[in-house]
Number of protein chains: 2
Amino acid sequence: MYFCPMYSKEIIKGTLKPIILKLLEQEGRMYGYEITSKVKVLTQGKIQITEGALYPLLHKLEAEGIVITEQENIGKRIRKYYLLTPEGKNLATAAIDEFLDFMVTIKSILDPTANISYGNAK
Amino acid sequence: MYFCPMYSKEIIKGTLKPIILKLLEQEGRMYGYEITSKVKVLTQGKIQITEGALYPLLHKLEAEGIVITEQENIGKRIRKYYLLTPEGKNLATAAIDEFLDFMVTIKSILDPTANISYGNAK
DNA sequence: TTAAATACATAATAAATTTATGTATTTTTG
DNA sequence: CAAAAATACATAAATTTATTATGTATTTAA
């Protein structure tokens, strides 16, 4: 039985992993370059994933069985799609939920107006 | 003139700094152990700052002129209070704002329901 | 035809944090 | 009252995560 001791460290650190997991969950499959450009567009350039961070992480996720890959040849170029495994889907859901929860917690510290309650409701 | 290129790396990583700056801004002055226990209470134990992360960061902030210290003797024990300098106050405001903004951005990716708009309002 | 974009990858370095360890005082509890 | 837990600081080693730099090669746009 799991009794909420504390957020895991990786989630407090690093937003890259939850972002990737979310996008893969949503899009079905994506290739590396597509992830960086999608995030760039979604965030209006505010978040630009570097290749040095992305590719090693994708490889790690693959080694851990969280994603599998499908290679496709686009002309003479190789494109490597990443897909969540069934296990990866579970992990993705959990990781995203945990991160959203974490943000509520952080926000309650950084932005107390977000939590104003009226009356005696708690 | 500053034209939004991208979030700084430190803020994407590490929530510790914004948390500390926020608490100091709010409380006026705090000592290390007080910060850890306050965060623990505020987050119902979900965030537990380790001393190995806290003290080196506080020392760094002091070296950078973001905080100054006041020592007090409690019995035979020393208690070291940290206070924001005027420069530190500016930095605190900026860092907290940036972090809150960052969370909106991340949330728009991780939780698309948070951004549903009706009609053509932007 | 040249620059920019697409598409992958890895190595060296830097930064942030965890884990472990250390010292010492004060308070609580059995 | 003795032992455990809490208070209060600190640092060093190891780990994790990400940046920066570099490399290769193809395709598209200027």
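Residue numbering restarts at 1 for every chain, and letters A, B, ... go by the order of the sequence lines.
Taking the side chain of B/Glu51 as heavy atoms from C-beta on, and the options C/dT26, C/dC8, D/dA10, the nearest nucleotide is D/dA10. Closest contact between the side chain of A/Arg79 and the listed nucleotides C/dT10, C/dA7, D/dA18 involves C/dA7.
Heavy atoms of A/Gly52 sit under 4.0 angstrom from at least one base atom.
At the phosphate of C/dA15, neither OP1 nor OP2 sits under 4.0 Å from any side-chain N or O atom of B/Lys60. In this model, the phosphate group of D/dC9 is approached by a side-chain N or O of B/Tyr55 to a distance below 4.0 Å at OP1 or OP2. Within the 4.0 Å cut-off from OP1 or OP2 of D/dA10, at least one side-chain nitrogen or oxygen of B/Lys80 is found. When the side-chain nitrogen and oxygen atoms of B/Thr50 are compared with OP1 and OP2 of C/dT18, one or more of them lie within a distance under 4.0 Å. Between D/dT11 and B/His59, a contact under 4.0 Å exists linking OP1 or OP2 to a side-chain N or O.
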Salt bridge (charged side-chain N to carboxylate O under 4.0 Å, His left out) between B/Asp111 and A/Lys22: does it pass, once the steps are laid out?
CA-CA 9 Å; B/Asp111 181 16; A/Lys22 176 66 190 183; over 6 Å; no
Apply salt bridge (charged side-chain N to carboxylate O under 4.0 Å, His left out) to residues B/Arg79 and B/Glu34 and explain how you reach the verdict.
CA-CA 10 Å; B/Arg79 187 179 281 177; B/Glu34 191 184 14; over 6 Å; no
Which is it for A/Arg29 and A/Glu70 under the salt bridge (charged side-chain N to carboxylate O under 4.0 Å, His left out) test, yes or no, and what are the steps along the way?
CA-CA 9 Å; A/Arg29 66 173 203 169; A/Glu70 285 174 1; 2.6 Å; yes
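Between B/Leu61 and the options B/Leu91, B/Ile20, B/Leu24, a side-chain contact (heavy atoms from CB on, under 4.5 Å) holds for only B/Ile20.
Sequence order on DNA chain D of the closest nucleotides to A/Leu16 and B/Pro56 puts B/Pro56 first from the 5' end.
The interatomic distance linking A/Leu54 (CG) with C/dA9 (P) rounds to 9 Å, in whole Å. One interatomic measurement links the two molecules: CG of A/Leu58 to C1' of C/dT10, which rounds to 14 Å at whole-angstrom precision. Remark: C1' of D/dT11 and CG of B/Leu57 are 15 Å apart, rounded to the nearest angstrom. In this structure, B/Ile49 places its CD1 atom 14 Å from C1' of C/dA16, rounding to the nearest Å. For the pair B/Gln48 CD and D/dA6 C1', the interatomic distance rounds to 14 Å; values are reported in whole Å. Rounded to a whole Å, the CD1 atom of A/Ile35 is 15 Å from the P atom of C/dT6. Protein atom CD of A/Glu72 is 17 Å distant from nucleotide atom C1' of D/dT26, rounded to whole Å. Rounded to whole angstrom, the span from the CD1 atom of A/Ile47 across to the P atom of D/dT19 amounts to 11 Å.
Within the 3.5 Å criterion, the main-chain N or O of B/Gly45 finds a donor-acceptor partner in the side chain of B/Gln48.
Under 3.5 Å, the side chain of B/Arg77 and the base of C/dT26 form no donor-acceptor pair of N or O atoms.
For DNA chain D, the residues of residues 24-34 of chain B within the heavy-atom distance limit of 4.0 Å (strictly under) are B/Tyr31, B/Gly32, B/Tyr33, sorted by number.
For A/Tyr31, the ring pair (Phe, Tyr, Trp, His ring centres under 6.0 Å) test picks out A/Tyr81, with sequence neighbours left out.
Between the side chains of A/Thr36 and A/Glu51, not a single donor N or O lies within less than 3.5 Å of an accepting N or O.
Contact check on B/Lys80 versus B/Glu72 returns no salt bridge, with no Lys/Arg side-chain nitrogen under 4.0 Å from an Asp/Glu carboxylate oxygen.
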